[in-house]
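Worksheet: one structure, shown below.
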Amino acid sequence: MSSKPLRILSRLLFPGGFILLASAVAFNTRAFGNLNAASWREYPYIIFGAGLVLSALFKCSRLFFAILIVGVCDRALVWITPALSSACIQRTVFDAVALLLPLNLVALSFMHDRGIVSPPGRRRVAIVGAQIAMVALIALTQPAQALAAGFMQGAILPRNYAEWSHISQPALLVFIVAGAVMLIYLADRRRPVEGALFWSLVAAFIALNASGANHMSSAYFATGGLILSVAVLETSYTMAYRDELTQLPSRRALNQELAKMGDNYAIAMIDVDHFKSFNDTYGHETGDQVLQMIAARLSEVSGGGKPFRYGGEEFAVVFPGKSVDDAYPNLESLRQRIESTPFKVRGNDRRSDGNRRKKKTKRRNARGQVQVTVSVGVASCDGKKRPVDVVLSDAGKALYKAKSSGRNCTAVSV
């Protein structure tokens with residue numbers, strides 16, 4: 001299997017899939033089977049409580065509301081369902097919870113962190129409260145029960161296609177569509193919050209199919225809460241050590257990587273050619289797209305190189321245990337791949353004066369594509385005991401040499 005599918009698979013499975021798999025193995029052991037419901041009574045409270053506190057402290061509002069929703073669904077099935085007067089009403093409430101849960105999680109995957117006590121946060125609290133009130137209305141009033149039961153009992157698929165699931169067909173369909181949408185988004189570009197939302201959705205689906213409200217069901221709901229709680233820490237790490245725009249490790253991560261270097265490594269500095277002019281001509285949004293394209297190519301660098309966003313339009317690639325001669329062909333291959341990558345400008349120019357149009361005509365071909373190139377400077381330590389900042393400075397001087405030589409080339413520090 002090539003490296004790209006492996007990267008996609010790893011970002012899909014870790015850490016949420018791993019946590020869910022480890023939990024499933026633990027839940028199916030004899031030791032767990034010997035435990036009764038009372039033994040697990042405090043576990044969900046610990047997980048959901050800790051997750052809510054962590055997400056509030058780290059200002060991860062989407063994860064806060066996801067943990068709140070999963071926790072409310074779990075407690076609704078534990079507290080409300082067993083207290084209802086008939087099996088029919090219990091089933092209707094169960095199906096209502098199963099329908100609302102995936103709708104909330106998939107909606108959160110497309111929202112942004114807007115705070116918890118801010119106006120958007122208060123609106124989300126109001127929406128969650130309205131759903132709780134709606135479920136309570138179904139549980140307590142016969143007209144609402146009849147309306148909800150009629151909808152939940154509707155057959156969308158032939159019954160033999162849905163017999164394997166304990167939840168209603170409408171809820172099952174919503175789970176499938178929500179999971180597919182979130183999975184497609186994850187395969188394209190994984191981020192901690194979206195990955196946690198997907199795996200908590202899977203954990204909730206398993207919980208709802210674990211024969212209703214019992215300690216196994218609560219254990220899986222709590223696992224979903226655990227996945228979301230871990231995502232709070234992962235998100236905080238990502239904010240500190242990963243560049244949000246390009247998703248490459250940030251300059252702070254580069255400094256930590258360089259601090260671990262021995263006496264044999266190479267550093268390359270990479271700069272986008274004419275980037276200021278590009279921004280002025282096409283706008284900063286298109287400039288951001290250029291940086292994302294280059295970051296995508298950098299993530300595929302060969303020779304064991306580790307790419308980083310240095311700042312602005314500058315990037316760095318570190319080659320541990322490599323010399324300049326080792327790193328040079330990989331950097332040249334990278335430069336040529338960037339040069340040959342087609343980049344299509346979308347939308348109108350930000351400026352419309354004659355000089356801007358002249359620049360646009362000069363740089364864009366008839367198909368609306370522009371050529372993006374980079375200049376590269378590389379230096380190495382080569383076994384000499386030189387400070388890292390000196391090697392980094394030499395790479396910067398080599399980059400300046402590449403720009404002075406006409407750009408779109410790779411220069412070596414001497």
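We count residues from 1, following the sequence as given. In this text, all values refer to a predicted model and were calculated from it rather than measured experimentally.
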What distance separates [X] [atom1] from [Y] [atom2], expressed to the nearest 0.5 Å?
{"X": "Asp271", "Y": "Glu313", "atom1": "CG", "atom2": "CD", "answer": "5.0 Å"}
{"X": "Met269", "Y": "Lys397", "atom1": "CE", "atom2": "NZ", "answer": "13.5 Å"}
{"X": "Ser55", "Y": "Leu228", "atom1": "OG", "atom2": "CG", "answer": "9.0 Å"}
{"X": "Phe65", "Y": "Leu68", "atom1": "CZ", "atom2": "CG", "answer": "7.0 Å"}
{"X": "Ile116", "Y": "Ser61", "atom1": "CD1", "atom2": "OG", "answer": "6.0 Å"}
{"X": "Leu105", "Y": "Trp199", "atom1": "CG", "atom2": "CH2", "answer": "14.5 Å"}

Does one side chain, of [X] or [Y], offer a donor that lies under 3.5 Å from an acceptor on the other?
{"X": "Arg337", "Y": "Ser333", "value": "yes"}
{"X": "Asp243", "Y": "Ser250", "value": "no"}
{"X": "Asn104", "Y": "Gln131", "value": "yes"}

Close side-chain approach of [X] and [Y], heavy atoms under 4.5 Å:
{"X": "Leu245", "Y": "Arg309", "result": "yes"}
{"X": "Val370", "Y": "Val290", "result": "no"}
{"X": "Phe205", "Y": "Leu101", "result": "no"}
{"X": "Ser168", "Y": "Leu99", "result": "no"}
{"X": "Thr235", "Y": "Phe58", "result": "no"}
{"X": "Thr92", "Y": "Leu84", "result": "no"}
{"X": "Val318", "Y": "Leu254", "result": "yes"}

[X]: side-chain contact (heavy atoms from CB on, under 4.5 Å) partners, not counting sequence neighbours:
{"X": "Tyr45", "value": "Glu42, Arg75, Trp79"}
{"X": "Glu332", "value": "Tyr328, Arg335, Gln336, Thr410"}
{"X": "Ala379", "value": "Val391, Asp394, Ala395, Ser413"}
{"X": "Val106", "value": "Ser109, Phe110, Ala178, Val181, Met182"}

One pair to check against side-chain contact (heavy atoms from CB on, under 4.5 Å): Asp74 and Phe48. What are the steps and the verdict? CA-CA 10 Å; Asp74 173 49; Phe48 293 127; 3.7 Å; yes
More than 12 heavy atoms of other residues, nucleotides or ligands under 6.0 Å from [atom1] of [X]: is that the case?
{"X": "Lys59", "atom1": "NZ", "result": "no"}
{"X": "Met134", "atom1": "CE", "result": "yes"}
{"X": "Tyr400", "atom1": "OH", "result": "no"}

For Tyr310 and Arg251: C-alpha separation, side-chain torsions, deciding distance, then whether side-chain hydrogen bond (donor to acceptor under 3.5 Å, both in side chains) applies. CA-CA 5 Å; Tyr310 191 75; Arg251 187 167 179 173; 2.9 Å; yes
Apply side-chain contact (heavy atoms from CB on, under 4.5 Å) to residues Met111 and Leu108 and explain how you reach the verdict. CA-CA 5 Å; Met111 293 180 181; Leu108 285 170; 4.0 Å; yes
How close do [X] and [Y] get, counting heavy atoms only, and between which atoms?
{"X": "Gly305", "Y": "Val317", "value": "CA-CG1, 3.9 Å"}
{"X": "Ala398", "Y": "Val378", "value": "CB-N, 3.7 Å"}
{"X": "Pro249", "Y": "Pro307", "value": "CD-O, 3.4 Å"}
{"X": "Gly303", "Y": "Phe319", "value": "O-CD2, 3.6 Å"}
{"X": "Ala295", "Y": "Leu248", "value": "CB-CD1, 3.7 Å"}
{"X": "Ala231", "Y": "Pro192", "value": "CB-O, 4.0 Å"}

Under 3.5 Å, which donor-acceptor pairs do the side chains of residues 117-125 form with other protein atoms, sequence neighbours left out?
residue: Ser118; atom: OG; partner: Arg114; partner atom: O; Å: 2.3
residue: Ser118; atom: OG; partner: Gly121; partner atom: N; Å: 3.3
residue: Arg122; atom: NH1; partner: Val117; partner atom: O; Å: 2.6
residue: Arg124; atom: NH1; partner: His112; partner atom: O; Å: 3.4
residue: Arg124; atom: NH2; partner: His112; partner atom: O; Å: 2.8

Can you list the residues that meet the salt bridge (charged side-chain N to carboxylate O under 4.0 Å, His left out) rule with [X], with sequence neighbours excluded?
{"X": "Glu257", "answer": "Lys260, Lys306"}
{"X": "Lys322", "answer": "none"}
{"X": "Lys276", "answer": "Asp280"}

Got a salt bridge between Arg62 and Glu194, using NZ or NE/NH1/NH2 to carboxylate O under 4.0 Å? yes
Less than 4.0 Å between a side-chain N and a carboxylate O, is that true for Asp263 and Arg386? no
Given the rule in the side-chain contact (heavy atoms from CB on, under 4.5 Å) test, do Arg297 and Val374 qualify, once you have shown the distances and angles that lead to the verdict? CA-CA 12 Å; Arg297 299 286 79 79; Val374 295; over 6 Å; no
Main-chain N/O of [Y] paired with [X] side-chain donor or acceptor, under 3.5 Å:
{"X": "Ser393", "Y": "Asp389", "result": "no"}
{"X": "Ser375", "Y": "Asn408", "result": "yes"}
{"X": "Thr373", "Y": "Glu339", "result": "no"}
{"X": "Gln90", "Y": "Thr81", "result": "yes"}

Parallel, tilted or perpendicular: rings of Phe18 and Phe14 (30°, 60°): tilted
Tell me which pairs pass ring pair (Phe, Tyr, Trp, His ring centres under 6.0 Å) where either residue lies in residues 120-151, with sequence neighbours left out. none
Could you walk me through whether Asp273 and Lys403 satisfy the side-chain contact (heavy atoms from CB on, under 4.5 Å) test, starting with their C-alpha distance in whole Å, then the side-chain angles of each, then the deciding distance to 0.1 Å, before giving a yes or no? CA-CA 8 Å; Asp273 294 332; Lys403 286 188 169 293; 3.5 Å; yes
Mind listing the side-chain donor-acceptor pairs of residues 138-146 below 3.5 Å, one per line with the distance, residues two or more places apart or on another chain?
residue: Thr141; atom: OG1; partner: Leu137; partner atom: O; Å: 2.7
residue: Gln145; atom: NE2; partner: Ile138; partner atom: O; Å: 3.2
residue: Gln145; atom: NE2; partner: Ala139; partner atom: O; Å: 3.1

Pairs satisfying salt bridge (Lys or Arg N to Asp or Glu O under 4.0 Å), at least one member in residues 77-100, at least two apart: Arg91-Asp95
Using distance only, find each side-chain donor-acceptor pair of residues 19-27 under 3.5 Å and give its atom names and separation, not counting sequence neighbours.
residue: Ser23; atom: OG; partner: Ile19; partner atom: O; Å: 2.8

